[in-house]
Visitor: 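Once you've had a glance at the structure underneath, I'll fire off some questions.
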There are 2 protein chains.
Amino acid sequence: MADVTLKDVARASGCSIATVSRVLAGTRPVGAETARRVREAAAALGYRPNHAARALRSRATGTVGLVLPQITNPFYPALVRELTHALHADGRAVLLADCDDDPAAEAEHIADLLGRRVDALLVIPADEERSRAAVAAAAARVPLVLMDRGCGPGVADSVAVDNGAGMALVLEHLAATGRRAVCFVGAEGTVSAAAERRGAYAAGAGALDPGAPGRVVLGDFSVEWGRAAVDQVWAARPDALVCANDLIAIGALQRLQQLGADVPGEVAVTGFDDIPMAALSAPGVTTVRQPVAQLAAEAARLLAQRLAGDAGPQRAIRLAPELVVRESSAPKRAARTPA
Amino acid sequence: MADVTLKDVARASGCSIATVSRVLAGTRPVGAETARRVREAAAALGYRPNHAARALRSRATGTVGLVLPQITNPFYPALVRELTHALHADGRAVLLADCDDDPAAEAEHIADLLGRRVDALLVIPADEERSRAAVAAAAARVPLVLMDRGCGPGVADSVAVDNGAGMALVLEHLAATGRRAVCFVGAEGTVSAAAERRGAYAAGAGALDPGAPGRVVLGDFSVEWGRAAVDQVWAARPDALVCANDLIAIGALQRLQQLGADVPGEVAVTGFDDIPMAALSAPGVTTVRQPVAQLAAEAARLLAQRLAGDAGPQRAIRLAPELVVRESSAPKRAARTPA
DNA sequence: TTGAAAGCGCTAACAT
DNA sequence: ATGTTAGCGCTTTCAA
């Protein structure tokens, strides 16, 4: 099982190592008969290229760094899955770094990955501002695609869901099902998911009710905040709670049920992202599904293009999401199945 | 920003590249003054070692492959997080491969990672039997630690939770809170989580009730199965459903609530793993928490030992889990908070 | 303690 | 179409 090298394959197939390299890497035309012999010998010996050597010579490792804030954020596993599949399909391997929501750790991981000579980076920044320096520096060295969250304008290519369009879908759905006293339960901060969803609500809610754009409470993207928010807004008896993500929606749902409120009879609850939990809660949470597979595919495609030398203008790709209607926003008058 | 090499540092600090290498890698004693100059020059130039070259020369990449069945399995993100942190703390990078529960894809990923010269592998096998060949072959080439699931006896070192001890904790807790008509909702198959939990129930449930060990229904590890299982067993009015994992428990809980059953008043429900959803459902699911951080730490330690040359006998490390009591198993007579 | 020199396995000029 | 040769950046003998 000792490592088989090009030299061994060359000896076995009776030609030079350069020829073998050309056959196996497919860089240059090679005689059909020679190619066959080489391939046979390689297979017989169980030849496996040494990526380290290849990387040293060709200055490309076939490796992409994936840097994210927290793999335990319930939206990310699906994204990671699709990204790794898309990249593996292109023959690239994925070096994973989890930053624990810490921009300092993020900067270190990025530097380490660069030292390991990743060909490119996929980054979900931990913080809109404090991630910027490290991301910008890295983007100057290798192709870099930002995902899910932004990192200031003009820093790098980016691929994300169109948060505004998603929020518009929610508002439209609520309008169509007769909700008017709508209230937004959002998140503070400049992270794009927070800011864009907030902005889209403010821009679109006026169509339902003149007072709606002003009915906004802000916290963070957590179940706890969802629970707490209900205590702030329930006294006013809104007929719909538009939550900035599914975790908030699940928290809100729980607290409402605890308070004896009828969801969706009295009040609808909507989320955003379509994490697995959204489908499993009772009632299921109406939400906006991010096109995860397509986001991953776009990111992989963009990366491949940049690696192929495309130096075109910076790109910001936004994909339209899809509304997933579940029981939490069924029409008001719907009778609940008795327990 | 062009790459700074050892040669550049050598020139800047006025000594040979060999000396610089020795200072930076700390392999051999070097004069204090020289060392200082070298370090200064390296810092000033922003030197970053080229891992590809280092790997080629020293036959170690500082990289570990992490191969798992499905990152979207809700138990894995936390494990991946702890594993990457533990390995990064040792200066290693993690190449991630998601196999989509397909042993063939798993074999390919393992072969690719070996070609990329990972120093070691961490594998959560997709299948007890069909993963064996690839895992055994890999284990012959590099240190390999199996996690979470087994892969046949004697294949490689392994680190996992003690499933039997966890199930014993659950049964003990149910006994102490007066449950007797206990029923097990498990999963078919030979994967260790399924088999060991099943076995431990069969072994321990007799202490509660002579008929308990026989009250077993088997499906898979899914919410859907949890729901379906209730329809099979509820007619007999068990006072506790011991589920083989949290997903099953959540499904069972939902179906019971739909049927109007009082949980925990009439029937307790318990899970296993303590995935995030277990805490978020209403009522919260009593479950067995896997010591994820410690599992990761043990795996990293074992790997480091093997990489350091330890050729001791194969090790199977089992860590004791912890019972997390939530509302789903509160004592029968407890009054429910009125809505 | 330090330097010179020989490669690790591979690819890419340059020859032929 | 194929072979020869020169390194990629680093570590590690072997000398000094």
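Convention: sequence-line order gives letters A, B, ...; per-chain numbering from 1. Note: hydrogens, waters and symmetry copies are ignored here, and every other heavy atom, side chains too, is used.
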Visitor: Could you give the CG-to-C1' distance, from L56(A) to dC8(D), as a whole number of Å?
Guide: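 The answer, rounded to whole Å, is 4 Å.
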Visitor: Under 4.0 Å: is that the gap between some side-chain N or O of S16(A) and OP1 or OP2 of dG3(D)?
Guide: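 Answer is yes, contact under 4.0 Å.
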Visitor: Could you check if a side-chain atom of R117(B) sits within less than 4.5 angstrom of a side-chain atom of N50(A), using non-hydrogen atoms only?
Guide: yes
Visitor: Can you check the L6(B) CG to dG7(D) P distance for me, whole Å?
Guide: 18 Å
Visitor: Looking across every strand, which nucleic acid part, if any, lies under 4.0 Å from R59(A) by heavy atom: base, sugar-phosphate, or nothing?
Guide: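 Touches sugar-phosphate only.
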Visitor: Taking all atoms of both residues into account, what is the closest heavy-atom pair of L146(A) and C151(A), and its distance?
Guide: CD1-CB, 3.7 Å
Visitor: Does dT11(D) have OP1 or OP2 sitting under 4.0 Å from an N or O in the side chain of S58(B)?
Guide: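 Answer no for this pair, as no side-chain N or O of S58(B) is under 4.0 Å from OP1 or OP2.
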Visitor: Starting at atom CZ of R11(B), determine the distance to atom P of dG9(D), rounded to an integer number of angstrom.
Guide: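 To the nearest whole Å, that distance equals 12 Å.
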Visitor: Of V30(B) and T27(A), whose closest DNA chain C nucleotide lies nearer the 5' terminus?
Guide: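 Closest to the 5' end, via its nearest nucleotide, is V30(B).
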Visitor: Once you round it to whole Å, what is the distance between C1' of dT4(D) and NZ of K7(A)?
Guide: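 Rounded to whole Å, this separation is 15 Å.
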Visitor: Starting from the 5' end of DNA chain C, give me the residue, A53(B) or A18(B), whose nearest nucleotide shows up first.
Guide: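 Result of the comparison: A18(B).
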Visitor: Rounded to the Å, how far apart are L24(B) CG and dG9(D) C1'?
Guide: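 It is 13 Å, rounded to the nearest whole Å.
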Visitor: What is the distance from CZ of R48(B) to P of dC8(D), rounded to the nearest Å?
Guide: 22 Å
Visitor: Looking at every heavy atom in both A126(B) and D101(B), which two are closest together, and how far apart are they?
Guide: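 Where A126(B) meets D101(B) most closely, the heavy atoms are CB-C, 4.1 Å.
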Visitor: Identify which nucleotide among dT1(C), dC10(D), dA1(D) has an atom closest to any side-chain atom of R54(B), counting heavy atoms from C-beta outward.
Guide: dC10(D)
Visitor: Can you figure out which of dC10(C), dC10(D), dG3(C) approaches the side chain of I17(B) most closely?
Guide: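 Per side-chain heavy atoms of I17(B), the pick is dC10(D).
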Visitor: For L303(A) and L121(A), work out which heavy atoms get closest and say how close.
Guide: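 That closest heavy-atom pairing would be CD1-O, 4.1 Å.
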Visitor: Please tell me if the side chains of T19(B) and V30(B) come closer than 4.5 Å, counting only heavy atoms from C-beta onward.
Guide: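 Yes, side chains in contact.
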Visitor: Is there a donor N/O on one and an acceptor N/O on the other, under 3.5 Å, for the side chain of R57(A) and the base of dG7(D)?
Guide: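 In this structure, the two groups form a donor-acceptor pair.
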Visitor: So, OP1 or OP2 of dT2(C): does either fall under 4.0 Å of a side-chain N or O from T34(B)?
Guide: yes
Visitor: Please give, in whole Å, the distance from dC8(C) C1' to D8(A) CG?
Guide: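 Between C1' of dC8(C) and CG of D8(A): 14 Å.
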Visitor: Does OP1 or OP2 of dT11(C) have a side-chain N or O of S21(A) closer than 4.0 Å?
Guide: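 True: S21(A) side-chain N/O within range (under 4.0 Å) of dT11(C) OP1/OP2.
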Visitor: Which whole-number value in Å describes the distance from H51(B) NE2 to dG9(C) C1'?
Guide: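 That distance rounds to 19 Å.
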Visitor: Nearest to the R22(A) side chain among dA13(C), dT2(C), dC10(C), which nucleotide is it?
Guide: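 Taking heavy atoms from C-beta onward, the closest nucleotide is dA13(C).
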